[in-house]
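Every chain is numbered from 1, with letters handed out A, B, ... down the list of sequences. Predicted, not measured: the structure shown is a model, and the values here were computed from it.
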Amino acid sequence: MQNRSGSASVAGDERSSPVAFTVNGTRRELTLDNRTTLLDALREHLDLVGAKKGCDHGQCGSCTVLLEGRRVKSCLILAVTLDDCAITTVEGLAGPDQLSPLQEAFVAQDAFQCGYCTPGQLCSARGVLDEIAEGWPSAVTDDLTGAVRPTDAEIRERMAGNLCRCGAYPHIVAAIRETAGDR
Amino acid sequence: MREFRYRRPTDVDEAVALLGADPEAAYLAGGTNLVDLMKLGVQRPDLLVDVTRLPLGGIEPLPGGGLRVGATVRNSELAAHPLVRRDYPVLARALLAAASGQVRNMATTAGNLLQRTRCFYFQDTGKACNKRDPGSGCAARHGQNRELAILDWSEECVATHPSDLAVALAALDAVVEVAEPDGTRDVPFVELHRSPGEHPERETTLPRGALITAVRIPPLPAARRSAYLKVRDRASFAFAVGAVAAVLDLDGDMVRDVRLAYGAVAHRPWRAFRAETELRGRQFTPELAGQAADAELAAARPLRHNGFKVPLIRAITVRALTELAEAQA
Ligand SMILES: Cc1cc2nc3c(=O)[nH]c(=O)nc-3n(C[C@H](O)[C@H](O)[C@H](O)COP(=O)(O)OP(=O)(O)OC[C@H]3O[C@@H](n4cnc5c(N)ncnc54)[C@H](O)[C@@H]3O)c2cc1C
Ligand code: SF4
Ligand code: FES
Ligand code: FES
C-alpha cells in the first residue's frame, strides 16, 4: 500500500511498535508509529506539554528532558527505542504542589520572560548540577583531572545547548549558581 | 519522514545479518545525526537497526596500555573517563568542544565517526548534491562554501567531515574494530574515511552493512601533553571552521615525536603527516611550527569563500604546538 511519503515497502503492522517506559515515575505503555519522537510522544500521546518544540533539530534545547537521569534532546530520540527507560520531564522535577530549589531559584532570579525555553532550561540545569557534582569536566575546565567548581563560566559553557530568545541568560546563570551553592 | 521498520537486536551477528538482508536499512545509535537527516528527507531508510542494546558499551584499559572504547559509549561518558582525562587530553578536549551537553549524552563513539557532512546543500533536498544524489552536481562548488574544504576536494564534492572526535583519533593512530558478514577486522583510523574523488557518496572504506564495534587507542605516553584547538563562529555549541589536534614530545628542545591532525579542512579528518616530518628530529621553535604548517598547506586549494582557512590553520598549528612546548619547558 502506498503511504503519503511515497514508500510502498513497509507493511502496515510493521510501521509501529509497542513500547513501555516510565515517565515521572509512572509506567506508560503505548503503541507508536516508529517515526514518533520522544518529544511528540510526551506532548501528543501523554499530554505532557512541558517539554517544548523549538527547532525540532537538536539546536535549541527547549525539548530537553532527563533520560535515565541524563539530560537529552527529546526531539532527536525515537520513542520506540526507549523500552524500560526512565524519563523525567519538567512536570516531574518536583511534586504538583511544590517547586524544586532550582525552580524556586528561577523564580527568585527572574530567570525567564516568555517562559518558552524554561522547561528545557530547568531540565538541562538539573543535568548540569549532577554532572558538576560527579566531577565531569567541560570545555572551560582548566585542569581536566582536578575538581570542578560551578563558576559562572562553567555554567555558561554547560548551558550552551539551551537558547533563550528573550535573552534571560544572566539570570538563568544566577539561578543555577544559587542552586549549586545550596547543595 | 518515510515510514520504516524498527529492530533492536541484542547480538552483533544478528545486527549485521539484518543490515545485510536489506539494502535500504541503516544502523541507529544515538540518532542525533540520523534522525535529524531523516526528518529533512536526506536519509530515507526503510529499516532502522538499533545498536544501542548490543553489548558494545564500556571503556577498558588494554593490557599493553591504551584503551578500548565500545562503539555505543556516549561521547559524554568518554570525555569524563578518568583515563581519558589523564592520558589523552586531546581526546577529552575534542569531545568537550563538540555539540552540547545534551547531544554528547546521546551521541555514540561510532555514530560520531560516521556522522554526515554539515554542508548546507547536502541538508537541503532542493539543491544539487552528488553526495546525497550521485550525478546531480555540487551546489557548493561555486556556491556559499566558506565552511567547506581547502584540501583534497574534487569537482564532485568540496564537503568537510564535521567530527571533532575523529580529528583527535586520527592524531592518536586509533584502530577501528569492525564486524562484517564474513568476520571481523581492524581498520587503521586514517584509512577509515575516504577522499571524495568521483564518488563522494562513499564516505568510508567500510563495505555496506559493516558494524563498528569498538575503537582502540594505542598507548602513547607523549599524549599526556596534547591539545585540541577549535576555532568556531561562536564561543560554544558550534561546528569547527578549523581545528587542530596536537601531541608534542620534546627531548630538551628537540622534537622527539609529534602528531598533528586538522579538522574542517577536508572530506576526511586530515592527518598532517607532511608537517610532522618537518618537525620530527628538529629543534622546536614557533617558526619551525609555522614552516611545518606551510609544508602541509602547500597543497591547499581554497574555494571562493574560505581562503581564510589557510592562515587560520597555520596560526592554530603554531599556537597549539608552542603552548605544548612551553608547558614542557
Ligand atoms: C545541534 C548539534 C550540534 C553538533 N555539534 C557538533 C560539533 O560541534 N562537533 C561534532 O563533532 N559533532 C557535533 N554534532 C554531531 C554529533 O556529534 C553527531 O550527531 C553524533 O556524534 C552522532 O552520533 P549518534 O550516536 O547520535 O549517531 P546516529 O545519528 O545514530 O548515527 C550516525 C551514523 O552512524 C551510523 N552508525 C551509528 N552507529 C554505528 C555503528 N556502530 N556501526 C556502523 N554505523 C553506525 C548510522 O547508521 C548513521 O549513518 C552536533 C550535533 C547536533 C545535533
Ligand atoms: S560539497 Fe559535497 S555535500 Fe556539499 S553540495 Fe557538493 S556534493 Fe553535496
Ligand atoms: S526542539 Fe529539540 S533541540 Fe530544539
Ligand atoms: S524566556 Fe523567552 S525564550 Fe527564554
Practice item. Would you please say whether a donor-acceptor pair under 3.5 Å links the side chains of B:E77 and B:N105? Key: no
Review point. Any donor and acceptor pair, going by atom type alone, linking the side chain of A:T151 with main-chain N or O of A:E154 inside 3.5 Å?
Key: yes
**Study point:** Partners passing side chain to side chain donor-acceptor pair (under 3.5 Å) against A:K52 (at least two apart in sequence or in another chain)
**Key:** none
Revision key, fill the gap. Per-residue tally against chain B (heavy atom, under 4.5 Å) across A:N162, A:V128, A:V72 peaks at A:V72
Exercise for review: Give a yes or no on whether the backbone of A:T64 and the side-chain of A:S74 come within a donor-acceptor separation of less than 3.5 Å.
Suggested key: no
Review point. Side chains of B:N112 and B:Q115: do they bring a donor and an acceptor to under 3.5 Å?
Key: yes
Check your understanding: Can you tell which of A:S17, A:G58, A:S138 has the highest number of heavy-atom pairs within less than 4.5 Å of chain B?
Key -> A:S138
Review point. What residue in A:D56, A:I77, A:T145 has the most heavy-atom pairs under 4.5 Å with chain B?
Key: A:D56
Review point. Any donor and acceptor pair, going by atom type alone, linking the side chain of A:S124 with main-chain N or O of A:Q121 inside 3.5 Å?
Key: no
Review point. Which atoms of B:R8 come close to chain A, meaning under 4.5 Å heavy atom to heavy atom: side chain ones, backbone ones, both, or neither?
Key: side chain
Check your understanding: Where does B:L28 contact chain A at under 4.5 Å (heavy atoms): side chain, backbone, both or neither?
Key -> side chain
Practice item. Answer with side chain, backbone, both or neither: which region of A:S16 has an atom nearer than 4.5 Å to a non-hydrogen atom of chain B? Key: neither
Check your understanding: Which atoms of A:C123 come close to chain B, meaning under 4.5 Å heavy atom to heavy atom: side chain ones, backbone ones, both, or neither?
Key -> neither
Study note, to complete from the structure: Cut-off 4.5 Å, heavy atoms of chain B, and the answer for A:T81 is both
Check your understanding: Between B:D36 and A:H57, do the side chains contain an N or O donor and an N or O acceptor separated by less than 3.5 Å?
Key -> yes
**Study point:** Segment of B:L47 engaging chain A (4.5 angstrom heavy-atom cut-off)
**Key:** neither
**Study point:** side chain to side chain donor-acceptor pair (under 3.5 Å) partners of A:T89, counting only residues at least two apart
**Key:** A:N24, A:E91
Review point. Heavy-atom distance under 4.5 Å to chain A: side chain of B:A92, backbone, both or neither?
Key: side chain
Point to revise | Residue selection (most heavy-atom pairs with chain B, distance under 4.5 Å) from A:G135, A:G127, A:A139 | key: A:A139
Practice item. Please look at A:E134 and chain B and tell me whether the side chain, the backbone, both or neither of the residue comes under 4.5 angstrom of a heavy atom of that chain. Key: neither
Exercise for review: Give me the contact list for residues 223-240 of chain B versus chain A, heavy atoms only, anything under 4.5 Å, ordered by residue number.
Suggested key: B:S236, B:F237
Revision key, fill the gap. Sorted by chain and number, sequence neighbours left out, side chain to side chain contact (heavy atoms under 4.5 Å, CB included) with B:R104 holds for B:N75, B:S76, B:L96
Check your understanding: So, does B:H161 use its side chain to make a donor-acceptor pair with the main chain of B:P269 at under 3.5 Å?
Key -> no
**Study point:** Residues B:R5 and B:D22 bridged, charged N to O under 4.0 Å
**Key:** yes
Review point. Any ion pair linking B:D50 and B:R7 (charged N to carboxylate O, less than 4.0 Å)?
Key: no
